[in-house]
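By convention in this document, chain letters (A, B, ...) are assigned in the order of the sequence lines, proteins followed by strands, and residues within each chain are numbered from 1.
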There are 2 protein chains.
Amino acid sequence: MTETVTTPETGFDSQALRNRVLSEMPDEERLYDLAELFKVFGDTTRIRILYVLFEAEMCVCDIAEILNMTQSAISHQLRVLKQARLVRNRRDGKQIYYSLADDHVRTIIGQGMDHIEE
Amino acid sequence: MTETVTTPETGFDSQALRNRVLSEMPDEERLYDLAELFKVFGDTTRIRILYVLFEAEMCVCDIAEILNMTQSAISHQLRVLKQARLVRNRRDGKQIYYSLADDHVRTIIGQGMDHIEE
DNA sequence: CAATTATTTGAACATCCGTTCATGTGATAT
DNA sequence: ATATCACATGAACGGATGTTCAAATAATTG
């Protein structure tokens with residue numbers, strides 16, 4: 001029933017290794033949340049929006065105009081970014097201004113850039 | 001035709017801001033590659049595989065058994081991870097051993113974890 | 001050689017995702 | 001209140017994605 005894990009590293013059965021792997025594995029909920037977070041970064045439109053917000057707080061229509069996309073499309077994606085707590089917003093009259101939520105965004109995108117450029 | 005970008009920050013039209021945003025924006029190819037990289041992290045199976053490889057180099061059948069999934073499913077995902085240059089492999093007889101390609105993987109996943117845990 | 005084990009591959013299937021379009025909501029101004 | 005502007009939302013469409021299944025490749029063993 002329980003098969004052995006055979007690594008050349010040890011040379012003999014290592015149920016211990018398998019246990020260590022499983023004990024270091026985050027629980028189901030964290031794995032799900034982590035994957036959901038990275039999914040948010042996995043779209044060029046959302047990354048573009050984040051790059052815009054790197055420079056300045058901005059309202060939806062300005063982002064849409066800069067990226068040459070419809071307000072609706074931008075609004076849909078801002079909702080995704082907000083749910084992932086990557087951006088915040090505040091209302092000022094008719095307009096709603098979006099900005100980066102924290103610096104994890106820059107760090108994560110920066111690390112990603114490092115990887116693809118090496 | 002060219003609308004003005006209206007930020008409260010400046011108080012007046014800022015074509016300069018728009019130009020700065022667009023000049024800081026990575027080119028199309030990098031944006032695409034970056035999004036593709038994060039897509040790879042955006043799946044619990046692939047993240048699970050990476051966590052397994054955090055502990056030790058391992059062959060396909062062992063990963064499959066530890067994660068309780070079919071070899072085929074794992075193999076398909078390993079191919080995605082390899083294309084993204086997140087894992088390497090080497091053959092040893094019938095088995096093919098996979099390992100992490102570099103430390104960007106740990107850093108990126110670590111930053112993601114930091115974000116969801118705050 | 002044939003048989004077995006480890007892995008890869010391609011097609012098929014269901015599901016998920018991003019944009020568009022139409023509509024709804026909220027704030028301002030006349 | 002009516003009109004307009006800024007934004008959000010829901011349905012719908014096409015395209016991408018992960019797993020399964022069956023079949024192919026590759027290396028070892030008898």
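- Heavy atoms only, all atoms of each residue included: A:Leu53 and A:Met58 are closest at CD2-N, 4.1 Å.
- Taking atom CE of residue B:Met69 and atom C1' of nucleotide C:dT7, one finds them 16 Å apart after rounding to whole Å.
- The aromatic rings of B:Phe38 and A:Phe38 sit parallel to each other, their planes meeting at less than 30°, with 60° as the upper class boundary.
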Show the atom names and distances, to 0.1 Å, of all donor-acceptor pairs under 3.5 Å that link a side chain in residues 70-79 of chain A to residues at least two apart or in another chain.
{"from": "A:Thr70", "atom 1": "OG1", "to": "A:Ala73", "atom 2": "N", "distance (Å)": "3.1"}
{"from": "A:Gln77", "atom 1": "OE1", "to": "A:Arg46", "atom 2": "NH1", "distance (Å)": "2.7"}
{"from": "A:Arg79", "atom 1": "NH1", "to": "A:Gln83", "atom 2": "OE1", "distance (Å)": "3.4"}

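- Straight-line distance from the CE atom of B:Met58 to the P atom of C:dT7: 12 Å, rounded to whole Å.
- Nucleotide C:dT28 holds its C1' atom 12 Å from the CG atom of A:Asp92, rounded to whole Å.
- Following rounding to the nearest Å, B:Glu36 (CD) and D:dA16 (C1') show an atom-to-atom distance of 10 Å.
- Rounded to whole angstrom, the span from the NZ atom of B:Lys39 across to the P atom of D:dA16 amounts to 9 Å.
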Once each nucleotide of nucleotides 2-14 of chain D is scored for protein heavy atoms under 4.0 Å, what B/S/- sequence comes out, 5' to 3'?
---BSBBBB----
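- Two residues are said to be in side-chain contact when any heavy atoms from C-beta on lie closer than 4.5 Å; B:Asn68 and B:Glu65 fail this criterion.
- Counting only heavy atoms from C-beta outward, the side chains of B:Glu28 and B:Tyr32 never approach each other to under 4.5 Å.
- Spacing between atom CZ of A:Phe38 and atom P of D:dG18 amounts to 15 Å, rounded to whole angstrom units.
- Heavy-atom distances under 4.0 Å link DNA chain D to no residue of residues 44-52 of chain A.
- Counting to the nearest Å, the C1' atom of C:dT20 and the CG atom of A:Asn68 are 15 Å from each other.
- Within a 6.0 Å sphere centred on CD of B:Glu118, heavy atoms belonging to other residues, nucleotides or ligands number more than 12.
- Annotation: the span from A:Lys94 atom NZ to A:Asp92 atom CG amounts to 11.5 Å, rounded to 0.5 Å.
- Looking only at side-chain heavy atoms (C-beta outward), B:Glu117 and A:Asp33 stay at 4.5 Å or farther from each other.
- Rounded to a whole Å, the NZ atom of B:Lys82 is 15 Å from the C1' atom of C:dT9.
- A cation-pi geometry, defined here as NZ or CZ lying under 6.0 Å from the six-membered ring centre and within 45° of its normal, holds between A:Arg106 and A:Phe54.
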